[in-house]
Asks: 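This structure is in structure tokens; I'll ask about it shortly.
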Amino acid sequence: MPQLDESLLTHLPPFSKLERRQLRTILDQASSRRYEPGTAIFEEDAPAERFYLLLDGYVRVVRVTPTGEQVTALHIPAGQLMGFAKAIGRQTYPATAITATESIALSWPMRLWETFAAEYEGFSTETYKTVGTRLGEINNRVVEISTLQVEQRVASALLRLIHQTGRKVPDGIEIDFPITRQDLSEMTATTLHTVSRLLSAWEKKGMVESRRKRIKVLDPRALAAISEARIE
DNA sequence: TCATTAAATCGGA
DNA sequence: TCCGATTTAATGA
């Protein structure tokens with residue numbers, strides 16, 4: 001295991017209030033691993049033995065429905081903690097985490113969670129903030145799926161993606177990892193065909209630009225307009 | 001309005 | 001070239 005540098009953590013919210021010496025202790029207890037795209041970092045219902053910090057890349061959090069379809073709950077960008085089942089009172093992981101890109105993650109044994117929370121200032125408040133944010137997001141999605149029309153759902157899913165994981169490019173914002181129509185349809189409870197048709201239509205209007213596994217939003221405001229209530 | 005089915009085409013290893 | 005991704009059209013709920 002190569003020596004990890006404290007600067008990896010200093011700017012991340014859960015660790016930002018800590019001293020160099022404390023970061024050293026934390027890093028010395030961490031394992032670091034690199035993952036190929038499409039690898040499961042941890043799986044739904046498996047015993048939650050470790051918690052993770054995504055250092056680089058993007059991770060898709062998916063659940064499998066009783067009928068066997070995958071549902072993408074959310075995407076996690078680099079710099080966030082994941083798999084902290086203990087923090088929400090679970091012994092198993094609530095979902096599967098699959099890398100969307102090549103990724104690097106640190107992990108610690110779950111038994112250290114309490115130690116971290118107790119000893120490191122800001123650690124638990126910051127992580128509870130992310131829990132809250134994610135929960136709110138998932139809640140919104142549940143509401144959206146039952147109340148909005150497909151076009152609105154896909155539009156808001158795209159907006160959420162560029163908001164969380166977008167990368168600014170000269171003429172718009174691009175989703176920073178490979179994403180298929182199928183993925184988008186799983187996030188919005190529709191079919192890849194419908195997503196494909198919507199993207200084509202939006203592309204004609206100059207709102208988005210897409211190629212295989214890449215989507216770029218040129219006109220977020222137009223998307224926002226679609227996502228807002230519009231019953232015709 | 002949208003899912004489903006079927007078929008054709010595209011694009012990247 | 002092969003195979004998954006994507007598009008398009010037709011049909012029915």
Side-chain angles (χ1 to χ4, degrees), chain A residues 33-41 43-44 56-78 95-104 137-232:
Chain A
R33 192 188 145 184
R34 181 182 150 277
Y35 300 85
E36 294 293 321
T39 315
I41 296 180
E43 307 233 21
E44 181 172 356
D56 191 37
Y58 288 94
V59 163
R60 220 195 310 281
V61 176
V62 307
R63 301 200 49 184
V64 177
T65 65
T67 52
E69 306 147 83
Q70 285 208 345
V71 179
T72 303
L74 47 85
H75 291 266
I76 296 181
T96 299
I98 296 179
T99 54
T101 60
E102 181 181 339
S103 302
I104 298 171
E137 224 172 85
I138 291 172
N139 267 322
N140 285 339
R141 289 256 307 288
V142 171
V143 172
E144 280 174 14
I145 284 176
S146 52
T147 60
L148 298 187
Q149 298 190 315
V150 169
E151 188 180 27
Q152 301 174 292
R153 302 205 298 264
V154 177
S156 29
L158 259 186
L159 285 173
R160 228 190 332 267
L161 279 171
I162 60 172
H163 178 242
Q164 292 165 1
T165 66
R167 186 167 48 86
K168 286 193 179 60
V169 290
D171 53 344
I173 306 173
E174 187 169 37
I175 295 172
D176 205 19
F177 54 86
I179 183 160
T180 63
R181 292 356 178 214
Q182 174 79 48
D183 293 331
L184 253 184
S185 71
E186 283 169 9
M187 306 194 302
T188 52
T190 180
T191 63
L192 75 161
H193 312 274
T194 300
V195 171
S196 170
R197 279 188 288 264
L198 286 173
L199 285 176
S200 302
W202 292 343
E203 180 142 15
K204 272 186 192 141
K205 294 182 184 168
M207 294 161 51
V208 303
E209 225 174 81
S210 66
R211 53 194 175 94
R212 228 165 222 245
K213 299 190 178 181
R214 284 282 162 195
I215 302 176
K216 182 165 68 181
V217 175
L218 308 176
D219 189 353
R221 295 182 56 192
L223 272 187
I226 288 176
S227 73
E228 278 148 29
R230 179 188 61 94
I231 311 298
E232 287 178 5

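Note that the structure is a prediction, hence the values are computed from the model and not measured. First the proteins, then the strands, lettered A, B, ... as listed; each starts at 1.
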Asks: Okay, side chain of A/T72, backbone of A/M187: is any donor-acceptor separation there less than 3.5 Å?
Replies: no
Asks: It should be established whether A/T190 places a side-chain nitrogen or oxygen under 4.0 Å from OP1 or OP2 of nucleotide B/dC2.
Replies: no
Asks: Rounded to the Å, how far apart are A/L199 CG and C/dA5 C1'?
Replies: 13 Å
Asks: Is any side-chain heavy atom of A/L161 closer than 4.5 Å to a side-chain heavy atom of A/F177?
Replies: yes
Asks: Within the 4.5 Å heavy-atom criterion, are A/R153 and A/I145 side-chain neighbours or not?
Replies: yes
Asks: If you measure from CD1 on A/I76 to CD1 on A/I41, what distance do you get to the nearest 0.5 Å?
Replies: 8.5 Å
Asks: Look up atom CG in A/D219 and atom CG in A/D171, then write down how far apart they are to the nearest 0.5 Å.
Replies: 11.5 Å
Asks: Can you tell me which residue pairs pass the side-chain hydrogen bond (donor to acceptor under 3.5 Å, both in side chains) test with a partner in residues 173-182 of chain A, sequence neighbours excluded?
Replies: A/Y58-A/D176, A/R167-A/E174, A/R167-A/D176, A/T180-A/D183, A/R181-A/S210, A/Q182-A/E186
Asks: What's touching nucleotides 8-13 of chain C from the protein side, N or O pairs under 3.5 Å?
Replies:
unit_1, atom_1, unit_2, atom_2, d
C/dT8, O4, A/H193, ND1, 3.2

Asks: Please list residues of residues 173-188 of chain A whose heavy atoms come under 4.0 Å from any atom in DNA chain C, ordered by number; otherwise none.
Replies: A/T180, A/R181
Asks: Suppose we screen for salt bridge (charged side-chain N to carboxylate O under 4.0 Å, His left out). Which residues come up paired with A/E102, at least two apart in sequence or across chains?
Replies: A/R34
Asks: Listing time: all N or O pairs from protein to nucleotides 10-13 of chain B that are below 3.5 Å?
Replies:
unit_1, atom_1, unit_2, atom_2, d
B/dC10, O2, A/R212, NH2, 2.8
B/dG11, O4', A/R212, NE, 3.2

Asks: Under the salt bridge (charged side-chain N to carboxylate O under 4.0 Å, His left out) definition, can you give me all pairs with a residue in residues 188-209 of chain A, not counting sequence neighbours?
Replies: A/E209-A/K216
Asks: Taking the side chain as every heavy atom from C-beta outward, state whether A/V59 and A/Y35 have any atom pair closer than 4.5 Å.
Replies: no
Asks: Is there a side-chain contact between A/I215 and A/I179 in this structure, where contact means two heavy atoms from C-beta onward sitting under 4.5 Å apart?
Replies: yes
Asks: Hey, does A/L192 reach any base, or is it just sugar-phosphate, or nothing, if we go heavy atoms under 4.0 Å?
Replies: base
